[in-house]
Number of protein chains: 2
Amino acid sequence: MNDTGKGTSRRGGIGWSDRPTAKDVAVLAGVSTQTVSRVANDTGNVLPETRQRVLEAMARLGYSPNAAARVLRAGRSSSLALVAHHISRTGEANIIEAVCSTAREHGYDVQLTIAPSGSAADLNQAMTRSRQGAAGLVVLGLETAAVNQLRFPPNLPVVVADSRTLSLPSVGSDQAGGAKLAVEHLLATGASTVHIVAGPENSVQSTQRVAAWRSVLTAAGCPVPPVLHGDWSPASGYQAAQQLADDQQVRAVFAANDEMAAGVLRALHEAGRRVPEDVRVAGFDDVSAPWLWPPVTSVRQDFSTIGELLISLLLDQLDNRPEPGAVPVTQSVVVPAQLIVRGSTMATATDGHW
Amino acid sequence: MNDTGKGTSRRGGIGWSDRPTAKDVAVLAGVSTQTVSRVANDTGNVLPETRQRVLEAMARLGYSPNAAARVLRAGRSSSLALVAHHISRTGEANIIEAVCSTAREHGYDVQLTIAPSGSAADLNQAMTRSRQGAAGLVVLGLETAAVNQLRFPPNLPVVVADSRTLSLPSVGSDQAGGAKLAVEHLLATGASTVHIVAGPENSVQSTQRVAAWRSVLTAAGCPVPPVLHGDWSPASGYQAAQQLADDQQVRAVFAANDEMAAGVLRALHEAGRRVPEDVRVAGFDDVSAPWLWPPVTSVRQDFSTIGELLISLLLDQLDNRPEPGAVPVTQSVVVPAQLIVRGSTMATATDGHW
DNA sequence: CTGAAAGCGCTTACAG
DNA sequence: CTGAAAGCGCTTACAG
C-alpha cells in the first residue's frame, strides 16, 4: 500500500486512542473508574444521583466499554461462537437463525464465523478464530469432516449439530427415520421401487439417508437401483435426474434434499413426464418443497427445535461447569422428523394405469 | 477458580486461568515472552533455532494467543464485523458469502452478528456489539431502517449494502434499472399491462422496484394496476397472486423477488392458468428462478461483485486512514443488473390467441 | 455507597 | 537477535 516510510497503520484498526474510556467518563462525572464500571454493568450499589451523573457523562462522550479489555480482565463473555459453512443452504440457514434467537433469549450474543468449506482444516481454523472471547461454541456442518480430525478448543464448552452419536454433545434430526418415512410412502403409492438422488458421497447426512432408503427397499423385497450423487444444489439434482427422466421404468424418485428435488422436477417436466401421474417425487428438509410445482412431499426437519436444543445443551455446560479434569457429560439428542405429503406423491383419479 | 462459597463462574467463560499463556511458552522454551510474541506474529528477526524451540513449546502446550489481550494492546485487529438480519433470504445469504470469501482473500476474518430484525434499534444494538475488536464494519439489510436513525460506531470504517446514494460508502444493485428491464420485457411479450407483487411497503428496495415498474407502464401508456404487497416470502407471493389468478385480464405478473414468484406460480397453476401461454411471470434476484417450473425470467443481481466491492471500499478506508476530523470520502457504487429470460415469459407456437 | 491498587495477556518502544 | 519495563481498558478483591 502507500507506506511512505514504514506505514504502521497498515490495517487501520479500532484505534483506542480516539475512543472515550472509562477514565474519561470518570473524570467528567467526578467519580472513579470503577464506579463507571458499576454503572456500566448494573452491578453493586450506586447512589441514584451518582448513577445519573455517570450515565450523562457516558452519553455525552458516546462511551461504550471496550469489549477486549472486559473479556481480558473478566475472563468470560456473554457471546457464543457459531461456526458454519455454506450458509445459503436453506437447512443450515434455518438452524442458524434458531440458534441466534434462542441464544438471544438467554442473554447471549452470537458471533458467526463462516468457514470456506466443511473440511476439517477449515473448520479447525474457524474454531480457533471464533473461540476468542466466546463463552461457548456451536459447530454446524460437520457432515464431511472426519470428526477425529477436528480439534475442538480446549476448555471451551462445545455442542455440534450432527445426527450421529458422537463423543461430545450433539443435536440432529433423525435422518434415517425421516428417509424411511419418505421411501415407505413412495412405495405405498404403488411404485415397484424408488430411485434416489443422494448428496455427496462424503456427506454423513446423505449416507444416513441412503442407508435408510436401501434398507426399506431391501425389507420390501424391491430392487435397489444405483445411487446417483448430487452436491445438494438444484443444478446437480437436475443433472442426476436427466438419466432417470428418459427411463420409463422410473416411477418414484427420492431426492435427498428439496433443492435437488427442484432440479429433479425440472428434468422430469422437460422430459414430458407428469408428476405425480407418471413419477412420484419426494424431497427432504421441507423448506422449499411447498413452493415447487407440483408441491413436493418432503421430510420436515424441526430446525427450530434443533436450534433451541443446541443452545440448551451449551448452557447446561456453562451453568454446571465441570471441575477441571472431570469426565465431560456427553449427550446426543435426536429430533424426530416428519413426512409432509403433498401433490408430488398424491395419486389422482386419472392414475388408473398404475 | 472454583470458589466453593459463592459460585462466581455462573456463565462459565473462556477461563484464562486454564489456558496456556505466552509466559508458559516462554518458560518452557527458555526465552522471553516477547520472543514468543515475535514467533506468534512472524515479525522481527528470530534465530531459526530459537523459533523452532518456541514453536515446539507452543505445540506442546497447545498455545494460541489470547485475542482479547492482543486487540486490547495492539489497538487493531484483522477481523471485520458484518451485521445482517434474516440471513436465509437467498439474496442476503449470497452477499454474505461473497463478503466472507473476499475478506478472507485479503487476510481478514469476518464475524457475523445477526440482528433479530431490520429495525434501527436492532441494527444499532448489533453494530454496537459487533464493533468490538473489529477493524471495520459491513452492514446489510438497511432496507426498512431509517438511515438517519442509525448510529454507526464512531471512528470505525463502515460500508453498507444499499442501492441508494447515502452519506456513507455503499454498494448496491441497480434496482430501478433491473426492474425496468423486466417490465419492458413483459410488455414486449404482448401484455397490455403488468401486474406487480411487491415487497413490504417500508422496504426501500421494493419501493425502488415499484417506482421503476410504474414509470415504465406510464411511459408506455399502459394502465397502472394497484400494487400488491408481500413480505418477500413464497407464502406471501402465493397469497397476493390468488387475487390475480382468477382475473382473466391478468396477462403478466412481475414479482419483486424469486421467492414470491414461486408463490405466484403456484397460485396460477392451481387456478389452471398456463405459464407462459396465459400469463407471463418474471422475478427478481435470479437465485431460485431457474429451478421453478416453468423456469422463471428474472433480474440477476451480481452478488459476488457487490460482496467484493463492499470489502474493497472498506479496505480503502482502512488503508488510507483519514486524519481524525477529516471529511470522510463517500462513495456509492451501483452495480448493474441483468435480465435473464426463461420459459416463464417465452411466447410459444401455441400462443396465437394473444 | 465509593475509591486506590493490582493485574488479565499481550505488544510496543527502548536498550543491549 | 533478544530481553526488561510499561501500559492497552477494564474488573476484581480489598479497604474505608
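What you are looking at is a predicted structure, and each value in this text was computed from that prediction instead of being measured. The sequence lines fix the lettering, A, B, ..., with proteins before strands; numbering per chain opens at 1.
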Measure CG/A/Asn45 against C1'/C/dG3 and give the value in whole Å, please.
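Value for this atom pair: 15 Å.
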Do A/Asp42 and A/Arg51 sit within salt-bridge range, that is, some charged N less than 4.0 Å from a carboxylate O?
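A salt bridge is present here (some side-chain N lies under 4.0 Å from a carboxylate O).
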Begin with the C-alpha distance, continue with both residues' side-chain angles, and end with the deciding distance and a verdict on side chain to side chain contact (heavy atoms under 4.5 Å, CB included) for B/Phe152 and B/Val139.
CA-CA 10 Å; B/Phe152 295 98; B/Val139 184; 4.2 Å; yes
What is the minimum heavy-atom distance between B/Leu61 and B/Val25, and which atoms define it?
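Scanning both residues, the minimum pair turns out to be CD2-N, 3.8 Å.
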What are the two closest heavy atoms between B/Gln317 and B/Pro169, and how far apart are they?
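For B/Gln317 versus B/Pro169, the nearest heavy atoms are NE2-CG, 3.6 Å.
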May I ask you to check whether A/Ser117 and A/Asp122 show a side-chain donor-acceptor distance below 3.5 Å?
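Result is yes, a qualifying pair exists.
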Think B/Asn66 has a side-chain N or O under 4.0 angstrom from the OP1 or OP2 of C/dC8?
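Checking C/dC8 against B/Asn66, no side-chain N or O comes under 4.0 Å of OP1 or OP2.
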Classify B/Thr50 by what it touches in the nucleic acid, base, sugar-phosphate, or nothing, heavy-atom distance under 4.0 Å.
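If one applies the 4.0 Å heavy-atom cut-off, B/Thr50 turns out to touch the sugar-phosphate alone, with no base involved.
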Classify the nucleic acid contact of A/Val36 as base, sugar-phosphate or nothing, counting any heavy atom under 4.0 Å across all strands shown.
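Nothing, no nucleic acid heavy atom in range.
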Which residue lies more 5' along DNA chain D, comparing B/Arg51 with B/Ala69 via nearest heavy atoms:
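That would be B/Arg51.
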Looking at the base of D/dG9, is there any donor atom on it, or on the side chain of B/Arg73, that sits under 3.5 Å from an acceptor on the other one?
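Answer no: no donor N or O sits under 3.5 Å from an acceptor.
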For a stem of at least 3 consecutive Watson-Crick or G-U pairs with distances under 3.5 Å, i pairing with j, i+1 with j-1 and so on, which stems involve DNA chain D?
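Consecutive-pair runs (3 or more) involving DNA chain D: C:1-3 with D:14-16, C:5-12 with D:5-12, C:14-16 with D:1-3.
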Side chains of B/Tyr108 and B/Leu314: closer than 4.5 Å at any heavy-atom pair?
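A side-chain contact is absent here, since even the closest heavy-atom pair is not under 4.5 Å.
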